[in-house]
Amino acid sequence: MKPDLFEAPDYYNLDELLSDEHKLVRQAARDWVKRDVSPIIEEYAQKAEFPEQIIKGLAEIGAFGPYIPEEYGGAGLDQISYGLIMQEIERGDSGVRSTASVQSSLVMYPIYKYGNEEQRKKYLPKLASGEWMGCFGLTEPDHGSNPAGMTTSFKDKGDHYLLNGAKMWISNAPFAQVAVVWAKNEEGRIHGLIVERGMEGFSTPETHNKWSLRASATGELIFDNVKVPKENLLPNKSGLGAPLGCLDSARYGIAWGAIGAAMDCYDTALRYSKERMQFGKPIGQFQLQQKKLAEMITEITKAQLLAWRVGVMRNAGTATSAQISMAKRNNVDMAINIAREARQILGGMGITGEYSIMRHSMNLESVITYEGTHDIHLLITGLDITGLNAFQ
Ligand code: TGC
Ligand code: FAD
């Protein structure tokens, strides 16, 4: 792969909206991606393997629990810093950002928000340091967009719960020590349970043959009469709103992360367009290529403003789920379109692993599907503005 020459675009001087702390946090993440991710990521994506050696670095840049209070091992940062960290990581690779998103928003967040003090103290510091990795089990083979229909269930057996069922498409599953699993009790109410690797009847087979997110490990969670200690139930929230509340946090991170992937594609294509000569001119001098590049920077700038504004509202505690959905949907769509256009600017070279664009493009096919598909987020906006439910 070519050396990482990335220079971040900032067409509207949006840095003026950031504090010194935001810029420091971003710089640390950016430096780390250049040093520890860019040189190895193509090779790991090609061999479809998660680079476990990056876990320590992710913890050091504050990517595990950026907004979790420091007393639990988190970085105690605000939502803009969290977003900027996700942007920088996904600039390197969406799969690496997935690992961080899941650990922070889908494992640490529910334990922090819905767990008791004992659970927070037991799990959060180890998850923040990367000593333990976590995964989040909501999706099932027959219930993806409609998680309310889940069939994974648990029964109260007096001194423990007995868990049965299966989850599918679970990021980090093959190596996670801890799984936050959503399952129904005997009354059909959804609860979160912390399941640990090593519990009898719990297995995590890896999902192979992915053409997308190849540097992220994906797997299933199988529960065959797993005895879960009663103290592993998250006591402070139940119902579908509990897992969906975690998704708000992760979807917000993705809205920023997608900007990173788009920036990387744009920056690569811009540089290439000034170096690649055809018909005696740099291809960037042709209007057709300029149109692509000009539209890319316009869309990136709009996406940056959207993400920043949602971040401000999240800091104030006023962002609605529907507002977050709009940002996730818009920004991922923006990134996938930019990846496609940028790939064309590179001609044949664009399909090779010499450049990051094709990898981003393939990764974004997962990003536009997980955490709620492109369609589902549109329907969330539709419901919000009309008051009419078009899901069912
Ligand atoms: P609905 O009746 O609308 O809602 C049920 C209850 O949940 C509440 N709620 C929310 N709460 C917090 N945050 C949200 N975003 C919420 N959305 C809804 C709602 O108020 C209600 O509460 P209550 O108290 O009245 O019961 O539920 P529905 O069954 O009609 O479904 C709505 C729908 C389709 C929008 C929802 O199911 C959905 O978002 N589906 C998409 C599923 C999804 O996003 N799955 C993601 C799995 S995790 C993942 O992909 C990780 S990838 C990670 C990585 O690698 O980065
Ligand atoms: P389906 O729900 O079957 O949807 C298929 C198509 O139908 C989509 O186009 C969808 O938009 C459309 N559709 C569905 N319902 C409607 C409707 N009401 N109206 C109109 N169109 C509709 N899940 C986890 O729980 N944890 C994870 O860590 C995780 N990681 C993932 C990693 C990867 C790489 C991938 C690909 C997925 C991951 N997921 C995870 C699962 C992901 O959240 C689901 O794939 C996603 O929610 C969609 O579900 P589905 O794949 O079952 O598609």
Side-chain angles (χ1 to χ4, degrees), residues 1-18 23 26-27 29-35 37-39 41-42 45 83-84 86-94 96-97 254-308 330-365 367-368:
M1 195 177 159
K2 298 269 185 206
D4 183 352
L5 302 173
F6 176 69
E7 285 175 45
D10 183 11
Y11 200 71
Y12 266 25
N13 300 329
L14 297 174
D15 269 14
E16 289 174 9
L17 300 172
L18 304 180
K23 286 184 246 182
R26 182 182 61 187
Q27 194 60 47
R30 189 169 289 171
D31 292 346
W32 176 75
V33 168
K34 271 204 179 187
R35 195 187 64 232
V37 178
S38 299
I41 196 65
E42 181 64 31
L84 288 165
M86 296 300 117
Q87 171 188 288
E88 294 305 315
I89 298 175
E90 192 147 2
R91 207 279 297 171
D93 189 79
S94 303
V96 178
R97 197 269 307 133
I254 292 174
W256 281 92
I259 297 171
M263 280 177 166
D264 197 49
C265 294
Y266 165 77
D267 179 62
T268 303
L270 179 64
R271 188 171 303 107
Y272 191 88
S273 77
K274 292 193 264 189
E275 290 167 358
R276 174 72 176 167
M277 303 290 289
Q278 286 297 293
F279 299 95
K281 290 178 185 171
I283 58 168
Q285 200 172 330
F286 297 119
Q287 286 183 357
L288 281 174
Q289 306 316 315
Q290 288 194 5
K291 177 174 187 289
K292 292 189 184 92
L293 291 163
E295 286 176 351
M296 284 181 204
I297 191 62
T298 308
E299 292 307 314
I300 288 172
T301 305
K302 283 152 67 178
Q304 285 172 318
L305 284 163
L306 211 58
W308 176 80
N330 181 79
N331 289 9
V332 177
D333 192 50
M334 171 280 299
I336 213 166
N337 290 332
I338 285 181
R340 187 147 197 273
E341 293 291 294
R343 213 287 304 148
Q344 292 193 60
I345 291 179
L346 267 71
M349 287 311 292
I351 69 151
T352 72
E354 288 294 297
Y355 296 89
S356 54
I357 296 176
M358 195 71 198
R359 179 166 44 80
H360 282 307
S361 188
M362 294 192 300
N363 283 342
L364 288 162
E365 293 292 338
V367 182
I368 205 165

Quick one: [atom1] on [X] to [atom2] on [Y], what's the gap to the nearest 0.5 Å?
X      : Y      : atom1 : atom2 : value
Thr298 : Tyr12  : OG1   : OH    : 8.0 Å
Met334 : Ile300 : CE    : CD1   : 6.0 Å
Gln87  : Ile254 : CD    : CD1   : 14.5 Å
Glu42  : Tyr355 : CD    : OH    : 12.5 Å
Leu293 : Ile283 : CG    : CD1   : 8.5 Å
Asp333 : Asn337 : CG    : CG    : 4.5 Å

When you compare the side chain of [Y] with that of [X], does any pair of heavy atoms fall below 4.5 Å?
X      : Y      : value
Ile351 : Arg343 : yes
Ser38  : Arg91  : yes
Leu84  : Leu18  : yes
Tyr11  : Gln304 : no
Gln27  : Asp31  : yes
Glu341 : Glu295 : no
Glu88  : Trp32  : no
Leu364 : Glu90  : yes

Scan for salt bridge (charged side-chain N to carboxylate O under 4.0 Å, His left out) pairs involving residues 268-288, sequence neighbours excluded, and state none if there are none. Asp267-Arg271

Apply side chain to side chain donor-acceptor pair (under 3.5 Å) to Asn331 and list each qualifying residue two or more places apart in sequence or on a separate chain. none

Which residues pass the side chain to side chain donor-acceptor pair (under 3.5 Å) test with Glu354, sequence neighbours left out? none

Would Arg359 and Asp93 satisfy salt bridge (Lys or Arg N to Asp or Glu O under 4.0 Å), going step by step from the backbone distance to the final call? CA-CA 8 Å; Arg359 179 166 44 80; Asp93 189 79; 2.7 Å; yes

I would like to know whether Lys292 and Ile345 meet side-chain contact (heavy atoms from CB on, under 4.5 Å); could you show each step before the answer? CA-CA 8 Å; Lys292 292 189 184 92; Ile345 291 179; 3.8 Å; yes

Atom CZ of Phe286 with >12 non-hydrogen neighbours under 6.0 angstrom: yes

More than 12 non-hydrogen atoms from neighbouring residues, nucleotides or ligands closer than 6.0 Å to CG on Leu14, yes or no? yes

Taking all non-hydrogen atoms of both residues, which atom of [X] and which atom of [Y] are closest, and how far apart?
X      : Y      : result
Cys265 : Ala342 : O-CB, 3.6 Å
His360 : Gly92  : CE1-O, 3.9 Å
Gly83  : Trp256 : O-CB, 3.2 Å
Ser356 : Asp264 : OG-OD2, 2.7 Å
Lys34  : Pro39  : O-CD, 3.4 Å
Ala307 : Ile259 : CB-CD1, 3.8 Å

Kindly say whether Gly284 contributes a backbone atom to a donor-acceptor pair with the side chain of Gln290 at under 3.5 angstrom? yes

Closer than 3.5 angstrom, by distance alone: can the side chain of Asp10 be matched with the main-chain N or O of Asp15 as a donor-acceptor pair? yes

Is there a side-chain contact (heavy atoms from CB on, under 4.5 Å) between Thr268 and Lys2 once you walk through the steps? CA-CA 10 Å; Thr268 303; Lys2 298 269 185 206; over 6 Å; no

